[in-house]
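Just so you know, these numbers use all the heavy atoms, side chains as well, and skip hydrogens, waters and symmetry mates. For this chain, numbers begin at 1 and follow the sequence in order.
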Amino acid sequence: MKLKTLLYLPLILLCQTAFSQKLATGIWRGALKTQNGIDIPFNFEVTTHTRKPQIAIINGTERFKVDGISFKKDSVFIQMPLFDSEFRLKKVAGNLQGKWIRHLGDHDVAMNFTATPNTPWRMIKDPGKPAVNITGRWSATFVSSNGNKDITVGEFKQTANKLTGTILTTTGDYRYLEGVVTAGNMLLLSAFDGNHNYLFTGKINGKNIIDGKLYSGLTSVTNWTAHRDNNAKLPDAYSLTALKPGYKKISFSFLDMNHKKVSLTDVHFKNKVVIVQILGSWCPNCMDETAYLINYYKKYHRKGVEIVGLAYERTKDYNKSKTSLLQLRQRFNIPYPLLITGYTASGDDPAKSLPMLAKVLGFPTTIIIDKKGNVRKIHTGFSGPGTGKYYTEFKKEFETLTDGLLAEQ
């Protein structure tokens, strides 16, 4: 080999390495494939930050930033923040192909994944001009495979063929959904948040949505229908969870992330209004509630409010749980303590950990305690910013309740 060629070889190799560690900037379309062959699509934007690629997953107005991206030859590895999931991909003719893997404590679930660059459309490239507009409130019924029914509320906003909104349930909402209404009056909505993936389909027939399907995860398929109802509403979120008869207080003693036991009897909580947040680092609705509580804490801590988070992870292993919670704390810069309960989020573990509660229906659950240590309210679920006015109404109600408790002697 000639000397001149040898001198250029390191530069060629460097350029090849740099090229292999790039993703095309702009809007991509990704699709997760379910076991029955249905694609659950979403968009993400690739940008560069200090010469490193960064991804923002797009759901409605939400931009979920992901920077845990690494390369090895023609492979791309994407570690999702907050949630214990990852993409293991290969570059194939400019596209990405591979797996999205959720780590669930005792097992993994993998879904096939493909992504194409320069693809700003989400559902259908040309959905056409719809003949209907479904903006407004809908009463929706979901029927599980065992016949159980869940009555929910859909809130949609349609501009031309673009559709956004969410569906509220008693234990939380489906967060930011985005999709289209087609010229054939088909509803298509999807979301991916790093932990859950959803695709809602349905046929719009006048004031009804019929033949609806909710595809979720690798295998789940749920039937749903809806009808327009401006007065649709969920049960009062403060009425779903209660203390067992004879109890006025709750008690616990769990380890914080410094392996120190924390209890409500600690002087830190004496004569304070205390908010106990039952959460999990795996829970997107808990993520929304945490974002709210951080600002709430900044406003009310100096007035005499304390917050403590009780974490129920997918494992009872203290160190594994700590690793997950550290990611959550660092992502949001959480100023209040998070405790590792040692109980998992599955089954009736949360109720076992707090036996004075009649039940724990879902995550998050928020317990409001007055300055005397008595439980005054228990709120089930959380309607996050994706729910619009529901979120605004919750904040007003929650802070009015807090002001009243602080004023008590």
Would you list the pairs meeting salt bridge (Lys or Arg N to Asp or Glu O under 4.0 Å) in which at least one residue belongs to [range], sequence neighbours left out?
range: residues 198-208; value: none
range: residues 328-356; value: Asp348-Lys352
range: residues 383-409; value: Lys299-Glu399, Arg376-Glu408
range: residues 150-164; value: Arg137-Glu155

Might you point out which heavy atoms bring [X] and [Y] nearest each other, and give the distance in Å?
X: Leu406; Y: Tyr300; result: CD1-CD2, 3.8 Å
X: Asn95; Y: Pro117; result: OD1-CD, 3.3 Å
X: Val360; Y: Ala351; result: CG2-N, 4.1 Å

Hey, is the main chain of [Y] close enough, under 3.5 Å, to the side chain of [X] for a donor-acceptor pair?
X: Asn161; Y: Pro127; result: no
X: Ser85; Y: Gly194; result: yes
X: Asp370; Y: Gly373; result: yes
X: Thr201; Y: Met186; result: no
X: Thr365; Y: Gly362; result: yes
X: Ser239; Y: Pro235; result: no
X: His107; Y: Val109; result: no
X: Thr341; Y: Ala311; result: yes
X: Thr387; Y: Tyr391; result: yes
X: Asn146; Y: Asn148; result: yes

Quick note, side-chain hydrogen bond (donor to acceptor under 3.5 Å, both in side chains) partners involving residues 257-277, not counting sequence neighbours, are Ser253-Ser263, His268-Glu306, Lys272-Glu306, Gln277-Glu289, Gln277-Thr290, Gln277-Tyr336
Could you list all the side-chain hydrogen bond (donor to acceptor under 3.5 Å, both in side chains) pairs where at least one residue sits in residues 175-191, not counting sequence neighbours? Glu62-Arg175, Arg122-Ser190, Arg175-Asp288
After noting the C-alpha distance and the side-chain angles of Leu354 and Tyr343, does the key distance pass the side-chain contact (heavy atoms from CB on, under 4.5 Å) rule? CA-CA 10 Å; Leu354 298 168; Tyr343 291 82; over 6 Å; no
Let me confirm one number: the [atom1]-[atom2] distance from [X] to [Y], rounded to the nearest 0.5 Å.
X: Leu189; Y: Tyr198; atom1: CG; atom2: OH; value: 13.5 Å
X: Leu177; Y: Thr164; atom1: CG; atom2: OG1; value: 9.0 Å
X: Leu357; Y: Lys244; atom1: CG; atom2: NZ; value: 8.5 Å
X: Lys22; Y: Lys91; atom1: NZ; atom2: NZ; value: 9.5 Å
X: Leu32; Y: Asn112; atom1: CG; atom2: CG; value: 9.0 Å
X: Gln79; Y: Asp67; atom1: CD; atom2: CG; value: 11.0 Å

Between [X] and [Y]: side-chain donor-acceptor atoms closer than 3.5 Å:
X: Lys213; Y: Asn223; result: yes
X: Tyr312; Y: Ser353; result: yes
X: Thr34; Y: Asn36; result: yes
X: Lys90; Y: Ser75; result: yes
X: Gln327; Y: Ser281; result: no

Would Asp39 and Lys33 count as a salt bridge (Lys or Arg N to Asp or Glu O under 4.0 Å) here? Give the steps. CA-CA 5 Å; Asp39 282 346; Lys33 192 171 291 292; 2.8 Å; yes
Can you list the steps and then say if Trp282 with Phe83 is a ring pair (Phe, Tyr, Trp, His ring centres under 6.0 Å)? CA-CA 5 Å; Trp282 47 269; Phe83 310 118; 9.0 Å; no
Contacts of His227 that satisfy ring-ring contact (aromatic ring centres under 6.0 Å, His included) - sequence neighbours left out: none
Going by the rule side chain to side chain donor-acceptor pair (under 3.5 Å), which residues pair with [X] if we only count those two or more places apart in sequence or in a different chain?
X: Asn374; result: Lys249
X: Asp84; result: none
X: Thr402; result: Tyr296

Give the intermediate values and the outcome of ring pair (Phe, Tyr, Trp, His ring centres under 6.0 Å) for residues Phe394 and Tyr292. CA-CA 11 Å; Phe394 163 79; Tyr292 164 69; 5.6 Å; yes
Which one of Leu163, Ile167, Leu188 satisfies the side-chain contact (heavy atoms from CB on, under 4.5 Å) criterion with Phe200? Ile167
Candidates Leu255, Leu339, Leu338, Leu310 - the one meeting side-chain contact (heavy atoms from CB on, under 4.5 Å) with Val262: Leu339
Applying side-chain contact (heavy atoms from CB on, under 4.5 Å) to Thr119 and Ile27, what does each step give before you reach the verdict? CA-CA 6 Å; Thr119 310; Ile27 304 296; over 6 Å; no
Contact check, side chains of Leu96 and Val76, non-hydrogen atoms, under 4.5 Å: yes
Looking at residues at least two apart in the chain, or sitting in another chain, which of them share a side chain to side chain contact (heavy atoms under 4.5 Å, CB included) with Lys149? Thr141, Val143
Can you name the residues that form a side chain to side chain contact (heavy atoms under 4.5 Å, CB included) with Ser70, not counting sequence neighbours? Phe77
Can you establish whether the number of heavy atoms outside Lys377 located under 6.0 Å from its atom NZ is more than 12? no
Should Phe113 and Trp100 be marked as a ring pair (Phe, Tyr, Trp, His ring centres under 6.0 Å) after you check the CA-CA gap, both sets of side-chain angles, and the distance that decides it? CA-CA 6 Å; Phe113 175 78; Trp100 174 57; 8.8 Å; no
Taking it one step at a time, do Phe156 and Val181 satisfy side-chain contact (heavy atoms from CB on, under 4.5 Å)? CA-CA 11 Å; Phe156 304 127; Val181 174; over 6 Å; no
Show the numbers, then the answer: is there a ring pair (Phe, Tyr, Trp, His ring centres under 6.0 Å) between Phe192 and Phe64? CA-CA 10 Å; Phe192 173 71; Phe64 187 66; 8.6 Å; no
